[in-house]
Amino acid sequence: MIKILILGGTTEASALASAVAKRGLPAIFSYAGRVATPKPQPLPTRIGGFGGVSGLTAFVAQERITHIVDATHPFAAQISSNVLAAAGQCGVKVVALTRAAWRPVDGDQWQSVASIDEAVSALAAPPQRVLLAIGRMHLAAFAAQSQHHYVLRLVDRPTSSLPLADASTVIDRGPFTLEGDLALLENQRIQRIVCKNSGGYGAASKLTAARMLGLPIVMIERPALPPRHELHRIDDVISWLDSPS
Ligand code: 3Y8
Ligand code: NAP
């Protein structure tokens, strides 16, 4: 008897959850518990870490999970490697639902960097107004370039003091719109953007807005992941779930 664990936190994971719920397949949706009120899902939902690989394998056994769909974000490298390790140990079937990385097009002014630290080094320049659209988890590194005024787009209002002295916050949750991101960049007089190469649609509007306004982007490329079975379309995941193999 099939039972699916969907590891979520992305637009694609939400779309898959709807498709799985519509077909009445037994499934559990899982969030890490990163934000205060994650988007409700049409499936039974658990929130919080599993407790590493051993915690995940124990969960798989206790819930009799037969299939894991890793629909987490391309930068969620830890959970994705844990899934592969767990599959190796307990034989559960695994597929990753991923989206292609963004590619620059004519008019884009991207500086591709390999990590948060390289993004920090790329900001070694005279003071500017910089939009940090990378969430909350990696802000402290940018204190090394304290000459800038940082505009931070965060999902939740910070409960503690920010690690950046000269910073203001915009509290918003995606998916974002071109109109909204153009207004953000103009109203905040943004001169440069730092973001992650997340791919997908939920965070792409800032790229178009930056192109239209002629703003440069420091683009943090994705972490390398071990080889794995990847699908990019919800229908292909449903077919994979339906296949007896
Ligand atoms: C908790 C669960 C859906 C999912 C929506 C996508 C799109 C909107 C764009 C910017 C970029 C960023 C950030 C972002 C986007 C989608 C997707 C996406 C980027 C939620 C969500 C959870 C998270 C976690 C959060 C991180 C942060 C990253 C903000 C839900 C809203 C910057 C990534 O405060 C924190 O600690 C936030 C942490 C991980 C990255 C970071 O390093 O800080 N996402 N985002 C998930 C969990 O608990 O398991 O409420 O929906 C989901 C979404 N965020 O169903 O429509 O699919 O990517 N999320 C990035 O891509 O650069 C914002 O501001 O332009
Ligand atoms: P990560 O670094 O890969 O994972 C760190 C730890 O968080 C994991 O080891 C695991 O804890 C727990 N975890 C992560 N995703 C989980 C899930 N879906 N369900 C249960 N536990 C989970 O992940 P992250 O980058 O912090 O991202 C956390 C969540 O936010 C993910 O669900 C991801 O899809 C979503 N998200 C992340 C980004 C981003 O930029 N990183 C962007 C959008 C959405 P244990 O080891 O205890 O099991």
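The analysis underlying the following values was restricted to heavy atoms, covering all of them including side chains, and did not include hydrogens, waters or symmetry mates. Whatever order the structure lists ligands and atoms in, that order sets their numbers, starting from 1.
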**Message:** Run Arg211 and Asp108 through salt bridge (charged side-chain N to carboxylate O under 4.0 Å, His left out) and show every step you take.
**Reply:** CA-CA 5 Å; Arg211 190 182 315 127; Asp108 282 337; 2.6 Å; yes

**ligand 1 to Lys206 polar contact by distance, N or O atoms, under 3.5 Å** = yes

**Prompt:** How about atom 2 (C) of ligand 1: does it have a protein heavy atom within less than 4.0 Å?
**Reply:** yes

**Message:** Once you measure the plane-to-plane angle for Phe29 and Tyr31, does it fall in the parallel (<30°), tilted (30-60°) or perpendicular (>60°) bin?
**Reply:** perpendicular

**Request:** Please report the closest heavy-atom contact between Ser198 and Arg222, naming both atoms and the distance.
**Result:** O-NH2, 2.9 Å

**Asked** Mind checking whether Met137 has an N or O less than 3.5 Å away from an N or O of ligand 1?
**Response** yes

**Prompt:** Which ligand 1 atoms, with their elements, are less than 4.0 angstrom from a heavy-atom of Ile134?
**Reply:** 32 (C), 40 (C), 41 (C), 42 (O), 43 (O)

**Asked** Are any of the heavy atoms in Cys195 under 4.0 Å away from ligand 1?
**Response** no

**Item:** Under 3.5 Å: N/O of Gln41 near N/O of ligand 1
**Value:** no

**Asked** Is there a donor-acceptor pair under 3.5 Å between the side chain of Trp240 and the backbone N or O of Asp235?
**Response** no

**Asked** Are any non-hydrogen protein atoms located under 4.0 Å from atom 64 (O) of ligand 1?
**Response** yes

**Prompt:** Would you say atom 60 (C) of ligand 1 touches the protein, meaning some protein heavy atom is under 4.0 Å from it?
**Reply:** yes

**Distance filter under 4.0 Å to His138 heavy atoms, resulting ligand 1 atoms** = 42 (O)

**Message:** If the cut-off is 4.0 Å to any non-hydrogen atom of Ala133, which atoms of ligand 1 fall inside it?
**Reply:** 10 (C), 11 (C), 32 (C), 62 (O), 64 (O), 65 (O)

**Prompt:** Please walk me through it: do Leu5 and Val69 pass side chain to side chain contact (heavy atoms under 4.5 Å, CB included)?
**Reply:** CA-CA 6 Å; Leu5 172 62; Val69 182; over 6 Å; no

**Item:** Test side-chain hydrogen bond (donor to acceptor under 3.5 Å, both in side chains) applied to Thr72 and Asp70, step by step
**Value:** CA-CA 6 Å; Thr72 60; Asp70 176 359; 2.6 Å; yes

**Prompt:** Under 4.0 Å from any heavy atom of Thr10, which atoms of ligand 1 are there?
**Reply:** 3 (C), 4 (C), 55 (O), 57 (O)

**Asked** Is ligand 1 less than 4.0 angstrom away from at least one heavy atom of Asp156?
**Response** no

**Request:** Measure from atom 53 (C) of ligand 1 to every heavy atom in Gly9, Gly174, Pro175, Pro158 and give the option owning the shortest one.
**Result:** Gly9

**Request:** May I ask which of Ile116, Leu154, Thr11 has a heavy atom nearer to atom 5 (C) of ligand 1 than the others do?
**Result:** Thr11

Contacts under 3.5 angstrom, residues 132-146 side chains, donor-acceptor by atom type, not counting sequence neighbours:
{"residue": "Arg136", "atom": "NH2", "partner": "Arg34", "partner atom": "O", "Å": "3.2"}
{"residue": "Gln145", "atom": "OE1", "partner": "Gln147", "partner atom": "NE2", "Å": "2.9"}
{"residue": "Gln145", "atom": "NE2", "partner": "Val120", "partner atom": "O", "Å": "3.2"}

**Item:** Atom indices of ligand 1, in the order listed, that fall short of 4.0 Å to a heavy atom of Ser14
**Value:** 3 (C), 55 (O)

**Main-chain N/O of Gln128 paired with His148 side-chain donor or acceptor, under 3.5 Å** = yes

**Message:** In the structure I gave you, are the side-chain heavy atoms of Ile190 and Leu184 within less than 4.5 Å of one another anywhere?
**Reply:** no

**Request:** Could you tell me whether Ala32 and ligand 1 have an N or O pair separated by under 3.5 Å?
**Result:** yes

**Message:** Using a 4.0 Å cut-off to any heavy atom of Pro38, which atoms of ligand 1 qualify?
**Reply:** 50 (O)

**Item:** Atoms in ligand 1 with a heavy atom of Ala203 nearer than 4.0 Å
**Value:** 9 (C)

**Asked** Any protein heavy atom under 4.0 Å from atom 12 (C) of ligand 1?
**Response** no

**Message:** Need the ligand 1 atom indices (1-based, order shown) with element for anything under 4.0 Å from a heavy-atom of Gly135.
**Reply:** 32 (C), 41 (C), 43 (O)

**Message:** So, 4.0 Å and heavy atoms of Gly200: is ligand 1 close enough to count as a contact?
**Reply:** no

**Prompt:** Any side-chain heavy-atom pair from Ile6 and Ile68 closer than 4.5 angstrom?
**Reply:** no

**Message:** Ring of Phe50, cation from Arg46 - is the NZ or CZ under 6.0 Å from the centre and inside 45° of the axis?
**Reply:** yes

**Message:** So, regarding Gly202 and ligand 1 (criterion: nitrogen or oxygen to nitrogen or oxygen, under 3.5 Å), is there a contact or not?
**Reply:** no

**Fill in**
Nearest heavy-atom contact between Gln188 and Ser168 is OE1-OG, 4.2 Å

**Item:** Heavy-atom nearest neighbour in the protein, as seen from atom 43 (O) of ligand 1, with distance rounded to 0.1 Å
**Value:** Arg136 N, 2.9 Å

**Message:** Check whether Asp156 reaches the backbone of Ala36 with its side chain - one donor and one acceptor, N or O, closer than 3.5 Å.
**Reply:** yes

**Request:** Write out the protein residues near ligand 2, meaning a non-hydrogen atom under 4.0 Å from one of its atoms, in order of chain and number.
**Result:** Gly8, Gly9, Ser30, Tyr31, Ala32, Arg34, Arg46, Gly48, Gly49, Phe50, Gly51, Gly52, Thr72, His73, Phe75, Ala76, Ala77, Gln78, Ile79, Asn82, Met137, Lys196

**Message:** Distance to the ring centre below 6.0 angstrom and angle to the axis at most 45 degrees; does that hold for Arg129 and Tyr150?
**Reply:** no

